[in-house]
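Below: the structure, in structure tokens.
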2 protein chains.
Amino acid sequence: MALEKETEEKIFKAAQTVFQKRGFDGARMQEIADEAEINKSMLHYYYRSKDKLFQEVFQAGVKKVMPQLFGIISSELSLQEKVEKVVNFYHDMFWENQHLPSFVTYEMNQHPERFQEFMSNMNIKIPDVFADQIRKEVEAGRMADIPPRQFLMNIVGMSMMPMVAKKMVQTIFSLDEEGYFEFLEERRKLIPILIFKGVQPS
Amino acid sequence: MALEKETEEKIFKAAQTVFQKRGFDGARMQEIADEAEINKSMLHYYYRSKDKLFQEVFQAGVKKVMPQLFGIISSELSLQEKVEKVVNFYHDMFWENQHLPSFVTYEMNQHPERFQEFMSNMNIKIPDVFADQIRKEVEAGRMADIPPRQFLMNIVGMSMMPMVAKKMVQTIFSLDEEGYFEFLEERRKLIPILIFKGVQPS
DNA sequence: AAGTGTTTCAACCATTTGGTTGAATTTTTT
DNA sequence: AAAAAATTCAACCAAATGGTTGAAACACTT
């Protein structure tokens, strides 16, 4: 039982590594087996097919991102704190899972049908508390009128884009690994300021 | 000779459609042939291999995006006008090439080596005129101090992210095709305002 | 009309790939 | 110690896939 769980986990982690790096179409079962240091037979012993293994990896990926995001914006924190928390969450998560943002984004485009149901099952919608918070700021004249979905898109776009387009950013700005990380740390501080100044009333 | 060019172009356009939609690994030569309404033999008659065909499609994709972007920010327009032009360029280009932003971004991550040289050959770096423009605004106290690369990243991130993550945006915000397009048109107007308010001096 | 390049078609090939099988070995449970 | 489960290995299979070939039909140029 101890070994059993270990192996299943080894396989799963290897699958995460390979799928997130290569995508579904680019991933090879043999590479997953090698990465897990087991043989191909074991893959099918624990997970019946590539498809099934992929689904679990993908869903785990979505679960690692979405609940946290919606957890933060559904909380009772101030808007300011929410923005900072979301930005920090994306940046922290990215160090541990460099390919995750790109992976989830891309595979979601490739197989939307399969996962829209799965997404609806989780509580994926802009929470009232978040929309209300923005409306209140607008009515108090402390914020320009902006649709909550656009406000959210600003935060996510500003944070995720440089992660999803890592190699593009590195190439255009001539950044090695270290320079790229500095670039992201620079952004981490800048984004909340930008977001709020950006919606000041004019 | 007339037919020759036509066929080569039919193949190329079909390859664009299929590669941009499915990615290199997901694309099938047979599907490209079907899309072009010719048979597989012709693909190899004009383009020797999948790899070669892909390279041309990818490079054409990069060329459709990068020179325009850098053309705009290298021009003699005001900062304000540049931002508006870039945002409009991304939004206009996207209607015609819905998969292009996602395609270029993703494939660049998958095969960075192959294309970094190609990118250097084009004049891909932040032009002095753009950096100077920002520096001047900062020194005049009309703008908060912000690294030019971050300023550029803001524009591109705000514009491209909802395109690259189309299905994610649609799912989270419950948008059908029409609602999604409205969402993007809403953004087209919002982004320049946000960008400039965001960097106002405090 | 002859010759050249283009296009089709169908068959073919080698390789890759996801998946299977079954026997042998090791580990865990009872 | 016996039974059950986990693991390995190597061989195997069928389907998919990128690519090739060669002959026949067609189009275009000269």
Side-chain angles (χ1 to χ4, degrees), chain A residues 1-61 99 103 106-107 110-111 113-115, chain B residues 1-61 99 103 106-107 110-111 113-115:
Chain A
M1 285 296 169
L3 271 177
E4 189 182 333
K5 270 273 161 66
E6 272 173 39
T7 305
E8 195 171 337
E9 209 179 299
K10 266 204 305 187
I11 292 176
F12 186 74
K13 283 190 175 168
Q16 282 187 311
T17 304
V18 175
F19 275 130
Q20 288 179 15
K21 191 165 169 185
R22 307 234 187 265
F24 178 81
D25 292 318
R28 296 289 157 252
M29 294 299 268
Q30 188 57 58
E31 193 183 352
I32 296 175
D34 293 346
E35 176 80 26
E37 293 178 295
I38 48 111
N39 59 48
K40 224 176 31 162
S41 305
M42 280 289 97
L43 292 185
H44 298 87
Y45 186 80
Y46 283 102
Y47 302 86
R48 279 200 310 278
S49 65
K50 182 184 186 183
D51 230 81
K52 199 166 170 312
L53 184 49
F54 174 79
Q55 300 259 9
E56 301 216 10
V57 168
F58 179 84
Q59 292 187 9
H99 296 98
F103 170 72
Y106 187 77
E107 297 297 341
Q110 296 296 309
H111 317 285
E113 344 67 56
R114 292 200 222 168
F115 300 106
Chain B
M1 285 296 166
L3 271 179
E4 188 181 335
K5 270 273 161 71
E6 272 174 40
T7 305
E8 196 171 336
E9 207 177 301
K10 267 205 304 187
I11 293 176
F12 187 74
K13 281 189 176 169
Q16 281 187 313
T17 304
V18 175
F19 275 131
Q20 288 180 13
K21 191 165 170 186
R22 307 237 187 263
F24 178 81
D25 293 318
R28 296 286 158 254
M29 293 300 269
Q30 187 58 58
E31 193 183 351
I32 296 175
D34 292 346
E35 175 81 24
E37 293 177 296
I38 47 109
N39 58 47
K40 223 174 33 157
S41 304
M42 279 290 97
L43 293 185
H44 298 87
Y45 186 79
Y46 283 102
Y47 301 87
R48 278 201 310 279
S49 66
K50 183 184 186 184
D51 230 82
K52 199 166 171 312
L53 184 49
F54 174 79
Q55 299 258 10
E56 300 216 11
V57 168
F58 179 85
Q59 292 188 8
H99 296 98
F103 170 72
Y106 186 78
E107 297 297 342
Q110 296 296 310
H111 316 284
E113 341 69 53
R114 290 200 223 167
F115 300 106

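Order of the sequence lines fixes the chain letters, A, B, ..., with proteins taken first and strands second; residue numbering starts at 1 for each chain. What you are looking at is a predicted structure, and each value in this text was computed from that prediction instead of being measured. Any value given below was found using the heavy atoms of this structure, including those in side chains, with hydrogens, waters and symmetry copies removed.
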Neighbours of DNA chain D within residues 12-27 of chain B, by heavy-atom distance under 4.0 Å | B:A27
How close or far is atom P of D:dA6 from atom CD of A:E8, stated in whole angstroms?
-> 10 Å
Partners of A:D25 by side-chain contact (heavy atoms from CB on, under 4.5 Å), sequence neighbours excluded?
-> B:D25
Whole angstrom value for the distance that separates P of C:dT15 from NZ of B:K50 | 18 Å
For the residue pair B:L53 and B:I32, establish whether any side-chain heavy-atom pair is separated by less than 4.5 Å.
-> yes
Under 3.5 Å, which N/O atoms of the protein pair with N/O atoms of nucleotides 20-24 of chain D?
unit_1, atom_1, unit_2, atom_2, d
D:dT21, O4, B:S41, OG, 3.3

Rounding to a whole Å, what distance do you find between B:I11:CD1 and D:dG18:C1'?
-> 15 Å
Presence of B:R28 side-chain N/O under 4.0 Å of D:dG18 phosphate oxygens OP1/OP2 | yes
Parallel, tilted or perpendicular: ring planes of B:Y106 versus A:Y106, cut at 30 and 60 degrees = parallel
Side chain A:K13, main chain A:E8, donor-acceptor under 3.5 Å = no
Measure up the A:F19 and A:F24 rings against each other and bin them: parallel (under 30°), tilted (30 to 60°), perpendicular (over 60°).
-> parallel
note: A:L43, atom CG; D:dT8, atom P; distance rounded to Å ~ 11 Å
For A:F103 and A:Q20, work out which heavy atoms get closest and say how close.
-> CD1-CA, 3.6 Å
Any B:T7 side-chain N or O less than 4.0 Å from OP1/OP2 of C:dT6 | no
B:T7 vs B:Y45 side-chain heavy atoms within contact, under 4.5 Å | no
What nucleotide, of C:dT6, D:dG19, D:dA6, holds the atom closest to the side chain of B:Y45?
-> C:dT6
By side chain to side chain donor-acceptor pair (under 3.5 Å), which residues pair with B:H44, not counting sequence neighbours?
-> none
Can you name the side-chain contact (heavy atoms from CB on, under 4.5 Å) partners of B:S49, sequence neighbours left out?
-> B:D51, B:K52
Applying side-chain contact (heavy atoms from CB on, under 4.5 Å) to B:E31 and not counting sequence neighbours gives B:V18, B:R22, B:R28
Check whether any side-chain heavy atom of B:H111 lies under 4.5 Å from a side-chain heavy atom of B:F58, and answer yes or no.
-> no
For atom CG of A:N39 and atom C1' of C:dG22, their distance in whole Å | 14 Å
Among residues two or more places apart or on two chains, list those pairs meeting salt bridge (Lys or Arg N to Asp or Glu O under 4.0 Å) that have a residue in residues 33-42 of chain B.
-> none
Residues forming a side chain to side chain donor-acceptor pair (under 3.5 Å) with A:Q59, sequence neighbours excluded = none
What's the verdict on side-chain contact (heavy atoms from CB on, under 4.5 Å) for B:Y47 and B:F12, showing C-alpha distance, side-chain angles and the deciding distance?
-> CA-CA 9 Å; B:Y47 301 87; B:F12 187 74; 3.6 Å; yes
So, the side chain of A:Q110 versus the backbone of B:K21: is there a donor-acceptor pair under 3.5 Å, distance only?
-> yes
Identify, residue by residue, the members of residues 29-38 of chain B with a heavy atom below 4.0 Å from DNA chain C, and return them in order of residue number, or none.
-> B:I38
For the helix from C:dT4-D:dA27 to C:dT30-D:dA1, figure out the bend between the end axes, five pairs an end, and round to 10 degrees.
-> 20°
Proximity to DNA chain D (any heavy atom under 4.0 Å), residues of residues 51-60 of chain A only | none
Just how far, in rounded Å, is P of C:dT26 from CE of A:M42?
-> 15 Å
Over all atoms of both residues, closest heavy-atom pair of A:K10 and A:I38 | NZ-CG2, 4.2 Å
